[in-house]
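The structure appears right after this line, and notes come after that.
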Amino acid sequence: MYRSTSDKAVSTRDMAQTAVTRRDEEQSRLLRMIDEMPIAVMTVDPVTFAINYVNETSKTLIRSIEHLLPIKAEELLGTSIDVFHRHPEHQRRILANPANLPHNARINLGPEVLDLKVSAITASDGTYLGPMLTWAIVTKAVQAESRIHQLAHFDVLTGLANRITFSKQLEARLSEGADVSLLLIDLDGFKLVNDTRGHPVGDQLLKVVAERLNIAFDGAETLVSRLGGDEFTVLIPHARLAEVQRLAVRVLSALSMPYAIGDEGLLHLGASIGIVQAPLHGSTSKMLMRRADIALYAAKAAGKGVYKLFSDNMEARIEERHQLLADLGVSLAAGTELFVYYQPIVDVPTKKVTAREALIRWNHPQRGWVSPGVFIPIAEQSGLIDRIGAFVLSTACVDAAGWADKARVAVNVSATQLGKGTIKGAVVAALSASGLAPDRLEIEVTETAIVDDEHRSLSELHELRDMGVRIALDDFGTGYSSLTHLRAFPFDKIKIDGSFVRDAVSSPECAAVVRAVADLGKRLGVTTVAEGVETEEHFRCVVEEGCMEVQGYHFGKPAPNA
Ligand code: C2E
Ligand code: CA
Ligand code: CA
């Protein structure tokens with residue numbers, strides 16, 4: 001088939017026509033596509049700034065925020081873009097010049113946040129046809145973002161800065177070489193409240209502590225953070241010691257005011273504070289935190305409710321503790337420097353020895369005799385107490401098995417030895433190795449053992465008691481001295497602390513407490529023992545108040561097994 005020339009001419013015209021139609025078609029297809037795109041698009045006249053194109057998604061989005069705008073979605077075409085902006089001049093300057101584009105912006109419209117991307121539409125010859133805005137409502141994403149930021153940088157419970165924020169700020173100041181003071185705060189008695197009143201009460205308490213700290217430092221250039229648990233820090237951007245000490249006193253008095261939480265009545269709590277300063281006490285956050293911890297520890301050891309500024313000799317004392325602990329481990333392994341001494345416990349009417357308390361003794365190769373009052377607390381903090389406890393238990397049972405008078409042996413068990421599921425095994429092993437009858441073994445625990453992790457420790461004590469082992473409550477009068485603890489467990493014996501016994505002679509209040517405990521013991525069928533009876537006068541006094549048994553230098557000092 002062939003074509004004539006005229007045919008060809010017609011065909012060229014047709015082709016041009018077709019091309020135009022196709023371009024139109026393509027353009028309208030493109031517009032339809034943009035119209036239906038899930039992205040909101042608008043175009044704006046670069047001279048009048050009137051909106052000259054709006055896609056469907058834009059209209060839908062605008063409809064959802066119409067109440068915040070002076071116009072309706074249907075009226076957008078022809079309206080000035082200024083309606084979206086608080087500072088239209090600034091926006092106009094950006095939109096007028098393609099050199100400013102692309103441009104990203106965030107617009108706050110009442111509670112909503114709009115995310116805007118402006119790009120330039122240009123003709124094929126490069127002429128600027130105007131800006132095209134693609135935009136979205138990103139309120140939810142922004143909220144999620146800020147929530148994530150909040151979670152990452154602030155403590156959820158109290159709203160205070162968290163450990164991360166605190167560390168960052170501390171690092172930042174240290175890297176500038178700036179002066180810093182740091183208060184490390186730990187609540188006194190928080191664990192007890194948390195354990196006895198329940199975690200919701202503990203949480204409420206921590207919130208109130210946070211509020212009080214915020215009030216104490218209101219307006220000051222400080223960062224108050226919660227590191228976790230009941231530990232808080234205050235970062236102070238200077239090293240003026242007198243001022244820092246004043247702030248510490250303010251914290252102590254704010255935190256020692258009674259707390260009214262729900263219907264718990266008034267709760268009493270306090271705080272201890274360790275203080276360090278940079279650059280004086282260190283130039284790295286690690287060193288400062290370690291030393292703040294040491295100072296805090298010193299504050300706790302000084303009787304709580306006080307602040308302590310770090311000093312070098314505190315560090316020396318810590319080193320000494322480490323050394324002592326290492327030496328104790330060596331002595332325990334050697335088996336030649338640790339001994340068990342016994343002190344008689346005497347029945348008042350018959351003057352007979354009913355039991356002997358096993359008390360550990362350590363003859364340190366260089367230091368000589370070290371008091372258990374010094375090394376037992378160190379052992380308790382390290383876990384070495386379990387091995388020491390097992391050593392005393394097995395030695396005491398073997399020794400007692402050989403006693404002609406068949407007196408019982410009383411062995412001290414630290415609170416930290418309980419609640420681990422290991423004490424029963426240690427007791428069974430000591431009894432079976434020695435052949436001692438279970439009812440000749442008495443375990444002495446303090447109130448801390450009942451308060452700490454209440455149920456697990458209590459159930460372990462119940463297990464021991466079910467085996468026939470007797471359980472005594474030691475040092476009554478020094479700790480919480482709560483009569484509820486006496487009812488929480490069927491103790492076989494209550495030992496009234498020596499300090500109380502000695503004061504009973506001169507102080508009517510102490511005498512009244514000794515009497516109250518002795519009376520309660522009689523009512524509950526529990527033996528009461530007065531500890532630390534040093535003189536005939538002490539003895540007469542405690543007998544008068546009703547104690548059934550006595551222990552103290554007046555009747556015999558701790559001595560090696562006879
Ligand atoms: P504790 O259980 O209250 O032991 C009684 C302490 O009072 C003993 O001190 C004893 O020597 C002392 N003492 C006895 N009579 C008198 C007196 O008339 N006047 C005075 N001022 N003190 C008297 P010790 O042996 O130095 O033990 C101190 C603490 O160390 C004990 O207090 C106990 O808590 C702990 N401890 C001792 N041995 C062990 C042990 O084997 N295991 C554990 N976990 N703790 C132990
Ligand atoms: Ca004891
Ligand atoms: Ca005691």
Side-chain angles (χ1 to χ4, degrees), residues 328 331-332 338-346 353 355-363 369-400 408-420 422-423 426-427 430 441-449 452 457 470-479 481 491-505 514 517 527-539 541-542 547 549-561:
L328 188 58
S331 289
L332 192 59
L338 287 170
F339 309 92
V340 180
Y341 277 28
Y342 298 92
Q343 186 181 32
I345 300 172
V346 176
V353 173
R356 293 182 185 87
E357 180 173 2
L359 295 159
I360 192 165
R361 295 291 177 262
W362 183 19
N363 194 3
W369 296 100
V370 181
S371 161
V374 171
F375 69 83
I376 289 287
I378 300 175
E380 284 174 346
Q381 281 179 357
S382 73
L384 195 61
I385 191 66
D386 293 327
R387 282 168 55 207
I388 288 182
F391 161 74
V392 176
L393 254 175
S394 58
T395 309
C397 287
V398 168
D399 288 346
R408 281 189 294 268
V409 66
V411 175
N412 292 286
V413 168
S414 298
T416 48
Q417 288 174 261
L418 296 172
K420 295 173 176 169
T422 53
I423 189 69
V427 168
L441 176 62
E442 201 160 70
I443 297 293
E444 295 192 3
V445 294
T446 61
E447 280 176 288
T448 329
D452 276 358
S457 301
R470 291 163 50 98
I471 311 290
L473 181 61
D474 201 0
D475 299 348
F476 193 79
T478 54
S481 308
F491 288 105
D492 298 286
K493 188 180 262 188
I494 305 167
K495 300 185 78 176
I496 306 167
D497 190 67
S499 59
F500 245 86
V501 169
R502 286 187 288 274
D503 287 348
V505 176
V514 173
V517 177
T527 311
T528 46
V529 184
E531 289 188 304
V533 177
E534 290 179 349
T535 63
E536 185 62 30
E537 199 186 5
H538 292 157
F539 176 60
C541 176
V542 296
C547 293
E549 296 189 355
V550 284
Q551 177 184 2
Y553 295 167
H554 190 57
F555 300 95
K557 291 196 169 182
N561 191 35

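Indexing begins at 1, ligand by ligand and atom by atom, following the structure's order. Worth saying up front: this structure is predicted, and the values here are computed from it rather than measured. All values below were derived from every heavy atom in this structure, side-chain atoms included, with hydrogens, water molecules and symmetry-related copies excluded.
Applying the side chain to side chain contact (heavy atoms under 4.5 Å, CB included) criterion to D497, with sequence neighbours excluded, gives D475, T478, S499, E531. T535 meets the side-chain hydrogen bond (donor to acceptor under 3.5 Å, both in side chains) test with H538; sequence neighbours excluded.
Short contacts between ligand 1 and E531, defined as distances under 4.0 Å to a heavy atom of the residue, involve ligand atoms 3 (O). Each of the following atoms of ligand 1 lies closer than 4.0 Å to a heavy atom of V392: 41 (O). Atoms of ligand 1 found under 4.0 Å from any heavy atom of R502, numbered from 1 in the order shown, are 19 (N), 20 (C), 21 (N).
Each of T528, V514, V517 was evaluated against F476; a single residue qualifies, V517, per the side chain to side chain contact (heavy atoms under 4.5 Å, CB included) test.
Residue-level proximity to ligand 1 for D474 is carried by the side chain, the only part with a heavy atom below 4.0 angstrom. When non-hydrogen atoms are compared, ligand 1 lies under 4.0 Å from neither the backbone nor the side chain of K495.
The residues E444 and K493 are annotated as not salt-bridged, no charged nitrogen and carboxylate oxygen being separated by less than 4.0 angstrom. R502 has no carboxylate O lying under 4.0 Å from a charged side-chain N of E537, or vice versa, which leaves the two without a salt bridge.
For the pair E380 and ligand 1, no heavy-atom separation below 4.0 Å is found. Ligand 1 has no atom lying under 4.0 Å from any heavy atom of Q551. Heavy atoms of P558 approach ligand 1 to within less than 4.0 angstrom. Put simply, part of G532 is less than 4.0 Å from ligand 1, judged by heavy atoms.
Ranking protein heavy atoms by distance to atom 44 (N) of ligand 1, first place goes to S414 OG, 2.8 Å. In this structure, atom 6 (C) of ligand 1 lies nearest to the protein heavy atom L359 CD2, 4.7 Å. In terms of protein heavy-atom proximity, atom 3 (O) of ligand 1 is closest to D475 OD1, 3.1 Å. Scanning all protein heavy atoms for the shortest distance to atom 15 (N) of ligand 1 gives Q343 NE2, 2.9 Å. When hydrogens are left out, the protein atom nearest atom 21 (N) of ligand 1 is E534 OE2, 3.0 Å; that is the closest non-hydrogen contact. Nearest protein neighbour of atom 43 (C) of ligand 1, counting heavy atoms only, is N412 CB, 3.6 Å. When hydrogens are left out, the protein atom nearest atom 38 (N) of ligand 1 is I360 N, 3.2 Å; that is the closest non-hydrogen contact. Counting protein heavy atoms only, atom 16 (C) of ligand 1 is closest to Y553 CE2, 3.2 Å.
Protein N/O/S atoms found under 3.0 Å from the Ca ion (ligand 2): E357 OE2, N412 OD1, E444 OE1, D474 OD2.
Residue I443 holds its CD1 atom at 4.5 Å from CG of L441, rounded to the nearest 0.5 Å.
Of all the listed residues (S371, G389, S499, P372), P372 holds the heavy atom that lies closest to atom 24 (P) of ligand 1.
Geometrically, ligand 1 and H554 share no nitrogen or oxygen pair separated by less than 3.5 Å.
Legend: salt bridge (charged side-chain N to carboxylate O under 4.0 Å, His left out) pairs involving residues 388-399, not counting sequence neighbours: none detected.
Looking only at atom types and distance, the side chain of E380 has no donor-acceptor partner in the side chain of T416 under 3.5 Å away.
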